[in-house]
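Given the structure is predicted, the values throughout are model-derived calculations rather than measurements. In this chain, residues are counted from 1 in sequence order.
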Amino acid sequence: MELVAGDSYTTGDNIPKTTLYEILLLIQSDDLTLKVQAAREIRRLTKTSKRYRRYFSNAVKSLVHMLHSNSFESKEAALLALLNLAVKDERNKISIINAGALGPIICFLQSENSTLQDHATASLLTLSASSVTKPIISASCVIPRLVDVLRQGSSQAKVDAVMALYNLATYQGNLNLILQTEPIHYIIDLLKSCKKSSKAAEKCMALIESLVCYEEGRTAVTSEEGGVLAVVEVLESGSLQSREHAVGALLAMCQSDRCKYRETILKEGVIPGLLELTVQGTPKSQTKAQTLLRLLRDTPYPNSELEPDTLENIVSNIICQIDGDEQLGKTKDMLAEMVQISMEQSLRHLQQRALICTPADLSISSFKES
């Protein structure tokens with residue numbers, strides 16, 4: 001159902017009934033108090049309604065004009081209204097950018113007022129989700145400002161900043177620009193502090209996976225204290241998508257220079273998580289985990305025709321090089337669980353191998369110390 005100018009609604013407790021058209025008139029008035037009141041109503045009405053977002057697209061220019069006001073209340077009310085108008089509405093995103101909102105929003109990222117900074121970061125996250133607006137936002141030198149927020153913003157602003165950076169990273173050339181701002185330290189800090197199964201962890205991990213495709217990114221992750229460990233922890237306990245990004249990041253590192261990164265990855269206890277992924281991850285995760293296991297063993301090639309290149313043999317080879325009884329025991333247990341799950345899921349190649357060589361056959365006395 002389309003909304004028309006004469007449609008009416010009830011604004012809430014003890015507030016008289018008014019019309020949508022009157023709100024549009026108020027937002028264009030010269031009275032700042034009335035404009036702020038109208039902006040707040042627009043924000044409220046557009047929070048969950050696609051129809052209201054369409055109707056109040058006519059208010060975008062007036063709201064953008066309010067961003068230039070000296071009044072904090074005016075800036076905040078307008079910014080929040082624009083944020084709701086942009087949510088899941090491609091046309092409004094484009095209209096907001098075309099109306100000149102980007103300049104003041106980027107300025108708010110540097111504001112000493114943390115509330116404005118938070119709202120501006122959330123707005124850029126929403127606006128950067130559009131393939132049409134990404135080139136415009138990317139050309140506005142916003143990437144260093146977002147990294148600044150990632151460095152010293154509030155907890156929520158940091159999460160929104162990393163998600164906005166992830167959105168922008170998908171546009172050509174932006175990964176280099178992001179790397180130039182040296183964001184890895186702050187991304188890993190956020191990754192360490194957030195819940196590993198959260199959306200924030202997923203976006204952090206996706207961004208890291210993209211950045212480690214470059215030598216500067218790989219060096220930054222391995223140079224960061226606990227950097228590789230943070231990735232391994234996501235691989236073990238993240239969401240399915242996060243774990244896929246995590247194994248992708250580690251695989252990219254190992255494929256780029258196996259000799260350089262193999263020991264660094266192994267010493268963080270990655271094997272149990274990789275084994276679990278081979279049977280419980282997404283199809284991409286399973287393939288990447290198996291490939292990484294092959295790269296992590298002592299030699300990336302089959303030892304002989306008598307030892308087929310199966311996961312059991314690959315992992316047995318890796319186990320021989322693991323230091324510490326705790327890691328050794330955990331890895332053996334996970335290998336046993338992997339075989340059990342694979343049999344239950346009728347994964348033919350693991351099932352056939354399990355009938356020949358079960359994890360119980362892997363005697364500890366046959367393992368060598370690294």
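Taken to the nearest 0.5 Å, the CD1 atom of Ile23 stands 12.5 Å off from the CG atom of Asn58. From Cys141, atom SG reaches atom CG of Leu177 across 9.0 Å, with rounding to the nearest 0.5 Å.
Pairing each heavy atom of Ala289 with each of Thr278, the nearest pair is CB-CG2, 3.9 Å. In plain terms, the two heavy atoms of Asn174 and Leu168 that are nearest each other are ND2-O, 2.7 Å. Considering every non-hydrogen atom in both Ala59 and Ile27, the closest pair reads CB-CG2, 4.2 Å. Scanning all heavy atoms of the two residues, the minimum distance from Lys134 to Ser128 falls at CE-O, 3.1 Å. Between Ala161 and Leu146 the shortest heavy-atom distance is CB-O, 3.6 Å. Shown here for Lys88 and Arg53, the closest heavy-atom pair between the two residues is CB-NH1, 4.3 Å.
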| Where do Arg54 and Asn92 land on the side chain to side chain donor-acceptor pair (under 3.5 Å) test, with the steps shown first? | CA-CA 8 Å; Arg54 282 287 80 235; Asn92 279 349; 2.9 Å; yes
| request: Dump the intermediate steps for salt bridge (Lys or Arg N to Asp or Glu O under 4.0 Å) on Glu215 and Lys260, then the final yes or no. | output: CA-CA 12 Å; Glu215 181 59 33; Lys260 183 175 181 179; 3.0 Å; yes
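Classification of Lys50 and Asp89 as a salt-bridged pair fails, no side-chain N sitting under 4.0 Å from a carboxylate O. Of the charged side-chain nitrogens involved, at least one lies within less than 4.0 Å of a carboxylate oxygen, so that Arg243 and Glu276 count as a salt-bridged pair. A salt bridge links Lys288 with Glu209: the distance from a Lys NZ or Arg NE/NH1/NH2 to an Asp or Glu carboxylate oxygen falls below 4.0 Å.
If you run side chain to side chain contact (heavy atoms under 4.5 Å, CB included) between Leu63 and each of Leu79, Leu82, Ile96, only Leu82 comes through.
No side-chain donor-acceptor contact under 3.5 Å links Ser62 and Lys35.
In this structure, Thr126 and Lys93 have side chains that are in contact, with non-hydrogen atoms separated by less than 4.5 Å. Side chains of Phe108 and His119 form no contact here, defined as non-hydrogen atoms less than 4.5 Å apart. Within the 4.5 Å cutoff, side-chain heavy atoms of Val228 are placed close to those of Leu250. Within the 4.5 Å cutoff, no side-chain heavy atoms of Val147 are placed close to those of Glu182.
Taking hydrophobic clusters as Ile, Leu, Val, Met, Phe, Trp and Tyr residues chained together by side-chain heavy-atom distances below 4.5 Å, Leu295 shares a cluster with Ile271. The hydrophobic cluster containing Leu127 does not contain Leu80, counting ILVMFWY residues as joined when their side-chain heavy atoms lie under 4.5 angstrom apart, directly or transitively. Leu296 is not connected to Leu229 by any chain of hydrophobic side-chain contacts under 4.5 Å among Ile, Leu, Val, Met, Phe, Trp and Tyr, and they are in different clusters. Ile136 and Ile94 fall into different hydrophobic clusters, defined by Ile, Leu, Val, Met, Phe, Trp and Tyr side-chain heavy atoms under 4.5 Å apart, directly or through other members. Under the 4.5 Å side-chain contact rule for hydrophobic residues, Leu190 and Val149 share a cluster.
Residue-environment remark: CZ (Arg91) stays at or below the threshold of 12 foreign heavy atoms within 6.0 Å. Within 6.0 Å of the OH atom in Tyr166, the count of heavy atoms belonging to other residues, nucleotides or ligands does not exceed 12.
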